[in-house]
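Computed from heavy atoms alone, side chains included, the values below leave out hydrogens, waters and symmetry copies. Every value quoted in this text rests on a predicted model; they were computed, and no experiment measured them.
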Amino acid sequence: MISKDLHMHTVYCDGTASPEDMILSAIDRGLTTVGISGHSYTFFDTSYCMQKEAIPRYIAELRYLRAKYFDRIHVLCGVEQDYHSTYPTDDFDYVIGSVHYVKVDEAYIPVDESVEMLQEAVEKHFGGDVYALCEAYFATVADVVDKTHCDIIGHFDLISKFIEREPLFDPRHPRYVGAWQAAVDRLIPCGVPFEINTGAISRGYRTEPYPSAEMIAYIREKGGSFVLSSDAHSPDSIAYGFEEYDSVING
């Protein structure tokens with residue numbers, strides 16, 4: 001039985017609805033636990049994340065909503081902590097550790113903004129070698145638990161967001177496979193579950209979740225565990241596709 005969804009965003013960052021609207025939608029969908037996980041403050045890019053001065057209000061509102069709906073659903077106040085964020089996480093109930101950027105010198109390259117930005121970064125910072133960018137990305141992902149002390153590993157292969165629409169690289173290439181397998185091997189001993197994230201499916205970018213089917217099989221073979229996440233940015237995408245992928249969690 002699908003009972004929880006712990007990855008979603010509200011108007012406090014780049015979501016479209018209030019925390020209360022997201023909670024009410026989760027109740028309508030029959031969930032017993034809901035977690036709001038605002039994007040952590042990133043000083044180098046404030047376009048999508050929670051603003052530093054708003055975070056205490058975010059925490060207070062989630063505490064209020066937990067009390068308001070305690071008899072209908074369990075509400076958790078979480079954070080999606082970017083690898084490069086320095087904002088403390090002590091006041092949150094749980095942490096999703098994610099990598100949204102590859103840092104090269106003083107440049108922070110977003111891996112999920114657009115193919116054009118990735119292509120530009122490959123030429124400018126990696127000498128035209130797209131697999132060097134992928135290796136840098138997965139080397140960062142490999143360290144995400146140690147850096148963020150997260151409870152859940154977020155969208156493991158986010159760099160492949162656009163791969164079905166505009167194939168910037170071949171996910172079967174030996175260097176790509178070697179990079180992500182090395183990251184899995186580093187993360188498995190941490191004992192932190194990987195999320196199966198359906199967000200890119202609900203928004204029309206992909207037809208399969210993060211991580212890919214090949215990665216899920218490898219993670220399972222190595223003894224890793226999973227948790228379903230919708231990465232919802234609107235009420236209608238909470239628990240999106242969970243029925244289809246529930247067997248991956250329990251099978």
Side-chain angles (χ1 to χ4, degrees), residues 2 5-9 13-16 22 25 29 37 39 48 80 82-83 96-102 109-122 130-131 133-138 140-142 144 152-173 175-181 183-184 187 193-220 224-251:
I2 299 165
D5 188 352
L6 302 180
H7 190 162
M8 58 187 71
H9 302 284
C13 52
D14 58 349
T16 63
M22 299 296 278
S25 180
R29 283 164 168 71
S37 53
H39 283 293
Y48 75 105
E80 184 177 6
D82 183 77
Y83 180 90
I96 300 172
S98 297
V99 176
H100 299 94
Y101 305 86
V102 171
I109 303 161
V111 300
D112 62 336
E113 188 70 26
S114 70
V115 172
E116 291 73 25
M117 291 187 74
L118 289 174
Q119 290 172 326
E120 180 181 343
V122 166
V130 67
Y131 296 103
L133 168 64
C134 295
E135 288 164 346
Y137 168 76
F138 281 113
T140 307
V141 173
V144 73
I152 300 169
I153 298 166
H155 40 54
F156 176 77
D157 55 336
L158 182 64
I159 197 168
S160 66
K161 177 177 178 178
F162 308 106
I163 199 69
E164 294 184 24
R165 288 183 172 186
E166 301 180 70
L168 181 62
F169 55 85
D170 182 356
R172 299 164 299 180
H173 192 283
R175 286 176 62 192
Y176 184 79
V177 174
W180 69 253
Q181 288 186 345
V184 170
L187 290 167
F194 294 72
E195 68 172 6
I196 295 181
N197 182 315
T198 61
I201 306 175
S202 66
R203 291 189 286 278
Y205 290 103
R206 290 166 59 115
T207 57
E208 67 174 355
Y210 308 110
S212 68
E214 292 79 9
M215 292 174 176
I216 289 172
Y218 186 83
I219 292 166
R220 170 168 284 136
S225 60
F226 304 96
V227 59
L228 283 172
S229 297
S230 69
D231 201 348
H233 287 64
S234 60
D236 60 346
S237 54
I238 291 173
Y240 184 90
F242 278 20
E243 295 83 0
E244 180 176 353
Y245 295 101
D246 186 48
S247 61
V248 177
I249 302 295
N250 298 310

inquiry  = Under the criterion side chain to side chain contact (heavy atoms under 4.5 Å, CB included), I'd like the reasoning laid out for Ile201 against Tyr240: C-alpha separation, chi angles, the key distance, then a yes or no.
reply    = CA-CA 8 Å; Ile201 306 175; Tyr240 184 90; 3.8 Å; yes
task = State, yes or no, whether a side-chain contact exists between Thr16 and Ser234 at a heavy-atom distance under 4.5 Å.
result = yes
key: Steps toward side chain to side chain contact (heavy atoms under 4.5 Å, CB included) verdict (Leu228, Asp246)   = CA-CA 7 Å; Leu228 283 172; Asp246 186 48; 4.3 Å; yes
message = Do His7 and Ser230 have side chains that approach each other closer than 4.5 Å (heavy atoms only, starting at C-beta)?
response = no
task = Would you please test Leu187 and Val144 for side chain to side chain contact (heavy atoms under 4.5 Å, CB included) and show each step?
result = CA-CA 8 Å; Leu187 290 167; Val144 73; 4.1 Å; yes
inquiry  = Tell me whether the rings of His39 and His233 are parallel (<30°), tilted (30 to 60°) or perpendicular (>60°).
reply    = tilted
ask   = Is the backbone of Glu208 close enough, under 3.5 Å, to the side chain of Ser212 for a donor and an acceptor to pair up by distance?
value = no
query = Side chains of Ser37 and Glu80: do they bring a donor and an acceptor to under 3.5 Å?
reply = no
ask   = Is the number of heavy atoms from other residues, nucleotides or ligands within 6.0 Å of CD (Glu116) greater than 12?
value = yes
ask   = How about Leu158 and Tyr137: do any of their side-chain heavy atoms sit closer than 4.5 Å?
value = yes
key: Student check: side-chain heavy atoms of Tyr101 and Ile109 closer than 4.5 Å   = no
query = Going by heavy atoms in the side chains, are Asp231 and Thr198 under 4.5 Å from each other?
reply = no
key: pair Arg220-Phe226: side-chain heavy atoms closer than 4.5 Å   = yes
task = Mark yes or no for whether Arg29, through its side chain, and Ala239, through its backbone, hold a donor-acceptor pair below 3.5 Å.
result = no
ask   = If you look at every heavy atom in Asp170 and Tyr176, which pair is closest and at what distance?
value = O-CB, 4.0 Å
ask   = Parallel under 30°, tilted from 30 to 60°, perpendicular over 60°: which one fits the rings of Tyr210 and His155?
value = perpendicular
task = Specify whether His100 and Tyr48 have parallel, tilted or perpendicular ring planes, treating 30° as the upper limit for parallel and 60° as the lower limit for perpendicular.
result = tilted
key: From CA spacing to verdict: side chain to side chain contact (heavy atoms under 4.5 Å, CB included), Tyr205, Glu164   = CA-CA 7 Å; Tyr205 290 103; Glu164 294 184 24; over 6 Å; no
Side chain proximity check, Arg206 to Ser160, heavy atoms < 4.5 angstrom = yes
